[in-house]
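Protein chains get the first letters and strands the later ones, always in sequence-line order, with residue 1 at the start of each. The structure presented is a predicted model; accordingly, all values stated were derived computationally and were not measured.
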2 protein chains.
Amino acid sequence: MAGQQESVIWMRPEQASVGRPAERSRAEITAAAVELADREGLEAVSMRRVASVLGTGAASLYRYVATRDDLLDLMTDSTAGEYDLPAPSGDWQADLLAIARQARQIMRRHPWLPTMVMGRPRLGPHGVDLLEHMLDVLADHPADAERKLEAFALVSGLTALFVQNEMAAEDSSAPRQSAYLRHVAAAGSHPRITALLAASPGGGNARDRFDAVLTRALTGVLG
Amino acid sequence: MAGQQESVIWMRPEQASVGRPAERSRAEITAAAVELADREGLEAVSMRRVASVLGTGAASLYRYVATRDDLLDLMTDSTAGEYDLPAPSGDWQADLLAIARQARQIMRRHPWLPTMVMGRPRLGPHGVDLLEHMLDVLADHPADAERKLEAFALVSGLTALFVQNEMAAEDSSAPRQSAYLRHVAAAGSHPRITALLAASPGGGNARDRFDAVLTRALTGVLG
DNA sequence: GGTGTTCGCGAACGACGTACGCGATAGGAG
DNA sequence: CTCCTATCGCGTACGTCGTTCGCGAACACC
């Protein structure tokens, strides 16, 4: 008859109703973890480091979170709270694009977020609000439920993919990446790649490319 | 005048030309790591576990690989060797779709691969062959170099995204995921989600949806 | 004021990635 | 055939990680 542990953190009560009150909150811990990840990357988010930022002991965090993965889920969902969700305009295409553009901005603010969204797509309270909003935007759209869920996943996933590529290109480790490509080109057995590297770095606005790809992909799902 | 360490593993020689010969090869170690990952997941691929599969000591692996991440790169690239790359047919759309379908099969064979492709897109020798092939398929296409690279990234990335979703849906942990959604629906403040869950699980062939999304997304990049 | 319950957290455990150093082992030179 | 020399295999060790245990401290309520 003992109450079984809820498997999802969002369904576990944050505080016990009796006993000594907690000194911190999940939100406080999440904020510290997010700030740490923004500054030093995801791998810097260890229980010990987060705890020391908060001026507490590592083991204390386990009063708020069952596992490190729970903390990561909290971080991801907290970023879903940064969206601005205005009422649907009637033009679902435009509304979805507006959401995607916000997603891109949010992910650029939190460089660890694309990895998270792609590798561990979990919905918390804020994520659920976002989904509800997208379903609202698509309320009059004739596609079935499955398609709309797919569209939701596509907006998150494609945006994460795009931002990750974008950042890898801006990153200082980019030369390392293309060093091998130049090596291959010099070897001569891959003429197309050789030709490719000879071409100018070219350009085109990143946002325009983002809009184009995303719009087309969405029409692939929603018709 | 000392030879500086090459930063990319593909440019470092596998064996020294003098001294005692190595007992194993990168390929052998990579194969062991891939098999381990296929069977027990990526997190099971630790230096100690891989070494014990090979019947050797953990420190020995560092004669073949500078770091664990190098080993992961080797694993990823080895799967790029599983493609069958026939000569271009003249129909680039069909050829690209054929590649993407193979990508999907390969990723389903190696459940850890989507994570790898999305989170750490590095090109090794096999990956380079694949890129060369795609450029060959697109040789007569009027798009510029940048677009073609983007198309390459899109095929890998979108396929990984799709397969990951597909597997999450088939996974036994799926009930856990939707448990919270049902909780939210029951709470009543998200009517669209409530309605969504009431709808039948629906269907539609996974491969057809994959083909549709990918084709549309590609036309978004390549016109 | 006593009681019941949770909280904070020092200490410890096992697993991890990786550096160091040394005996073992091979090919090439003589 | 012997010796030289460079690499190889790897036992050992260090620091960090996630997580558990247990206990004294701190509060809410009766």
(request) Using the test side chain to side chain contact (heavy atoms under 4.5 Å, CB included), find all partners of A:Ser25 that sit at least two apart in sequence or belong to another chain. (result) A:Glu14, A:Ala27, A:Glu28
(request) Name all residues meeting the side chain to side chain contact (heavy atoms under 4.5 Å, CB included) criterion together with B:Pro111; count only those two or more places apart in sequence or in a different chain, and write none if there are none. (result) B:Asp38, B:Met167
Take atom [atom1] of [X] and atom [atom2] of [N], then tell me their distance rounded to the nearest Å.
X	N	atom1	atom2	result
B:Tyr64	C:dG17	OH	P	18 Å
A:Arg68	C:dC16	CZ	P	16 Å
A:Arg26	C:dC7	CZ	P	11 Å
A:Glu14	C:dT6	CD	C1'	15 Å
B:Arg24	D:dC8	CZ	P	12 Å
B:Tyr62	D:dC8	OH	P	16 Å

(message) Contact between A:Tyr64 and A:Ile9 at the side-chain level, heavy atoms closer than 4.5 Å - yes or no?
(response)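 A:Tyr64 vs A:Ile9: side chains apart.
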(request) Flag the pair B:Glu166 / B:Arg108 as yes when at least one side-chain heavy-atom distance between them is below 4.5 Å, and no otherwise. (result)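 B:Glu166 vs B:Arg108: side chains touch.
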(request) Using a strict 4.0 Å threshold on nitrogen-to-oxygen distance, state whether B:Arg120 and B:Asp69 make a salt bridge. (result) yes
(message) For a quick check, with a 4.0 angstrom heavy-atom cut-off, what is the B/S/- contact string for nucleotides 22-30 of chain D, read 5' to 3'?
(response) B-BBBB---
(message) Can you pull out every salt bridge (charged side-chain N to carboxylate O under 4.0 Å, His left out) where at least one residue sits in residues 172-192 of chain A? Sequence neighbours excluded, please.
(response) A:Arg192-B:Asp136
(request) Output every pair passing salt bridge (charged side-chain N to carboxylate O under 4.0 Å, His left out) with a member in residues 41-51 of chain B, not counting sequence neighbours, ordered by first then second residue. (result) B:Glu40-B:Arg49
(request) Please check the phosphate of D:dG9 (OP1 and OP2 only) for any side-chain N or O of B:Ser60 closer than 4.0 Å. (result)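 Looking at the OP1 and OP2 atoms of D:dG9, neither is under 4.0 Å from any side-chain N or O of B:Ser60.
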(message) When you measure from the side-chain N and O atoms of A:Thr67 to the phosphate of D:dT19, is any distance below 4.0 Å, counting only OP1 and OP2?
(response) yes
(message) By nearest heavy atom, map B:Ala22 and A:Ala59 onto DNA chain D; which one lands nearer the 5' end?
(response) B:Ala22
(message) Apply side chain to side chain contact (heavy atoms under 4.5 Å, CB included) to residues B:Leu131 and B:Leu149 and explain how you reach the verdict.
(response) CA-CA 8 Å; B:Leu131 174 58; B:Leu149 272 181; 4.2 Å; yes
(request) Could you walk me through whether A:Glu82 and A:His110 pass the side-chain hydrogen bond (donor to acceptor under 3.5 Å, both in side chains) test, one step at a time? (result) CA-CA 11 Å; A:Glu82 299 182 18; A:His110 308 289; 2.7 Å; yes
(request) Within residues 27-54 of chain A, find the residues that approach DNA chain C with a heavy atom at under 4.0 Å, and present them sorted by residue number. (result)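 Going residue by residue through residues 27-54 of chain A, the ones with a heavy atom under 4.0 Å of DNA chain C turn out to be A:Arg48.
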